[in-house]
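Here the structure is laid out as structure tokens; the discussion comes afterwards.
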Amino acid sequence: MQNRLSCRLSATLGTLLFALVTLSPSAFASQETSQEKQVFRFNVSPNGYPPYLIVHQNQPSGIMWDVVSVVARRLGYTVIAEQIPRKRVDQMLLEGYIDGTPRAREWADDPEQFLFTDPVVDIEEVFFVPAQSGFSYESPDDLVSKTIVTHLGYRYPLLEPYFEEGRIRRFDVSRDKDMFTFVLHGDRFDAAVADRLVGKWILRNEGLRQHFDITSESISNYGFRLMLRKDWHSFANRFNEELAKMKENGELDAILANYR
């Protein structure tokens with residue numbers, strides 16, 4: 001009797017052990033997938049984009065970072081900052097190494113490949129010129145024969161035909177701060193084109209505000225959004241819902257006020 005009971009227990013334990021060994025990989029895989037979905041790998045770029053993205057001693061901050069962090073937390077995600085160079089961002093996003101990056105739809109080379117959220121803030125590109133230079137801007141024709149300092153890798157749709165024809169010259173630099181240095185100290189540069197808030201932030205922090213005038217007319221006004229992979233529809237929809245609440249209840253304005 002004892003031998004028969006022992007055999008039954010052994011058979012039962014063997015069956016359970018087999019089931020555990022067989023099922024545990026898929027169970028662990030399911031758990032890992034669940035955990036992976038709760039992480040949002042957000043590109044902040046190596047140099048940031050102050051005041052929208054600020055990277056200081058590997059500690060990110062800025063308007064976009066603050067908004068994404070608040071919304072992601074409410075959606076149950078942990079945000080991980082990734083510093084990806086601009087030329088590699090799109091491919092790394094498509095391949096799943098990162099989950100999102102801030103981008104205006106108009107700045108994307110192939111926007112149809114990606115999914116975009118509602119705008120978080122508006123980007124208004126204007127010209128920053130040496131004070132008392134007499135520079136004025138109403139249309140791109142005012143820039144003919146001039147050299148404009150631009151950001152490396154950025155597209156300026158209104159000006160692109162002029163750049164291609166050589167009617168307006170562009171001089172690319174990789175850092176926003178350097179754009180103002182070139183304009184201020186370089187004899188052959190007429191103006192820098194940058195977002196109004198970005199330019200004001202840099203000039204204030206560098207103590208250069210009195211050395212520059214800013215045109216009232218802009219060359220563009222774009223919505224600054226999250227650019228995601230197309231399979232992130234659910235996240236995008238929930239992000240938009242939370243963002244709308246932040247705009248309505250004043251949370252977004254409070255974040256913006258911290259960087260103005």
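One-based numbering along the sequence shown. From a predicted model like this one, the values you see are computed outputs, not experimental measurements.
- Tracing side-chain contacts under 4.5 Å through hydrophobic residues (I, L, V, M, F, W, Y), one reaches M227 starting from L94; they form part of the same cluster.
- Both tests do not hold together for R88 against Y97: distance to the six-membered ring centre under 6.0 Å, angle to the ring axis within 45°.
- To the nearest 0.5 angstrom, L184 atom CG is 6.5 Å from H211 atom NE2.
- Of the possible donor and acceptor atoms, none in the side chain of R209 sits under 3.5 Å from a partner among the backbone N and O of L203.
- For the side chain to side chain contact (heavy atoms under 4.5 Å, CB included) criterion with Y162, the lone passing option out of L143, I148, I168 is I168.
- Once rounded to the nearest 0.5 Å, the distance linking CZ of F239 with CG of D118 reads 9.0 Å.
- In terms of hydrophobic clustering, with Ile, Leu, Val, Met, Phe, Trp and Tyr side chains grouped at heavy-atom distances under 4.5 Å, L243 and Y259 are assigned to a common cluster.
- Using modelled atom types, one finds a donor on one side chain and an acceptor on the other under 3.5 Å when comparing D172 with T150.
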| request: Decide side chain to side chain contact (heavy atoms under 4.5 Å, CB included) for M64 and L226; before the verdict, give the C-alpha distance in whole Å, the side-chain angles of both, and the deciding distance to 0.1 Å. | output: CA-CA 9 Å; M64 294 295 285; L226 291 191; 4.1 Å; yes

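- In plain terms, the two heavy atoms of S61 and W65 that are nearest each other are O-CB, 3.5 Å.
- Shown here is Q132, whose CD atom has no more than 12 heavy atoms of other residues, nucleotides or ligands within 6.0 Å.
- Around atom CD of E248, no more than 12 heavy atoms belonging to other residues, nucleotides or ligands sit under 6.0 Å away.
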| said: Could you go through D90 and R103, starting from their C-alpha distance and side-chain angles, then the distance that decides it, and tell me whether this counts as salt bridge (Lys or Arg N to Asp or Glu O under 4.0 Å)? | reply: CA-CA 11 Å; D90 291 17; R103 185 79 59 82; 2.8 Å; yes

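- No continuous path of hydrophobic side-chain contacts links V44 to L93 [ILVMFWY only; heavy atoms under 4.5 Å].
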| request: Check the pair V71, R238 against side chain to side chain contact (heavy atoms under 4.5 Å, CB included), reporting the backbone distance first and the verdict last. | output: CA-CA 9 Å; V71 173; R238 295 165 65 199; over 6 Å; no

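- Here the shortest heavy-atom pairing between G100 and F40 reads CA-CZ, 3.9 Å.
- Contact check for L159 versus R170: no side-chain heavy atoms found under the 4.5 Å cut-off.
- A distance of 8.5 Å separates CG of D176 from CG of N47, quoted to the nearest 0.5 Å.
- Closest approach of P51 and V198 over heavy atoms only: CD-CA, 3.8 Å.
- Residues F224 and I98 are members of separate hydrophobic clusters, defined by side-chain heavy-atom contacts under 4.5 angstrom among Ile, Leu, Val, Met, Phe, Trp and Tyr.
- For the residue pair Y52/D195, the side-chain donor-acceptor check at 3.5 Å is satisfied.
- Side-chain atoms of Y77 and D99 form no donor-acceptor pair, as typed in the model, at a separation below 3.5 Å.
- Here the closest heavy-atom approach between residue I219 and residue L158 is recorded as O-CD2, 3.6 Å.
- Taken from CD1 in I63 to CH2 in W201, the straight-line distance is 8.5 Å, to the nearest 0.5 Å.
- How far CZ of R74 is from CE of M246: 6.0 Å, rounded to the nearest 0.5 Å.
- The existence of a salt bridge linking R196 and E124 is confirmed by a sub-4.0 Å separation between a basic side-chain nitrogen and an acidic carboxylate oxygen.
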| Taking it one step at a time, do F135 and T215 satisfy side chain to side chain contact (heavy atoms under 4.5 Å, CB included)? | CA-CA 9 Å; F135 180 99; T215 60; 4.0 Å; yes

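- Considering all non-hydrogen atoms of both residues, A194 and F180 come closest at CB-CZ, 4.2 Å.
- Annotation: side chain of P102 is in contact with side chain of F42 (closest heavy-atom distance under 4.5 Å).
- At distances below 3.5 Å, not a single donor-acceptor pair connects side-chain atoms of R225 with backbone N or O atoms of L115.
- A ring pair (Phe, Tyr, Trp, His ring centres under 6.0 Å) with W107 is found for one member of Y154, F114, F116 and no other, namely Y154.
- Judged by distance alone, with hydrogens and angles left aside, the side-chain atoms of N43 form a donor-acceptor pair with the main-chain N or O of I84 at under 3.5 Å.
- At a threshold of 4.5 Å between side-chain heavy atoms, the hydrophobic network of Ile, Leu, Val, Met, Phe, Trp and Tyr places L228 and L53 in one connected group.
- Put simply, CG on N240 and NZ on K247 are 8.5 Å apart, with the number rounded to the nearest 0.5 Å.
- The local environment of CD in E112 is crowded, with over 12 non-hydrogen atoms from other residues, nucleotides or ligands closer than 6.0 Å.
- Ring geometry, F189 versus F171: the interplanar angle falls from 30° to 60°, so the pair is classed tilted.
- N237 places no side-chain N or O within donor-acceptor distance of the main-chain N or O of S234, the cut-off being under 3.5 Å.
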| task | Start with the C-alpha distance between M179 and I202, add both sets of side-chain angles, then the distance that settles side chain to side chain contact (heavy atoms under 4.5 Å, CB included), and finish with yes or no. | result | CA-CA 10 Å; M179 298 170 66; I202 293 172; over 6 Å; no

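- P140 is not listed as a side-chain neighbour of Y156, based on a closest heavy-atom distance of 4.5 Å or more.
- Contact between L252 and V120 at its shortest, heavy atoms only, is CD2-O, 3.5 Å.
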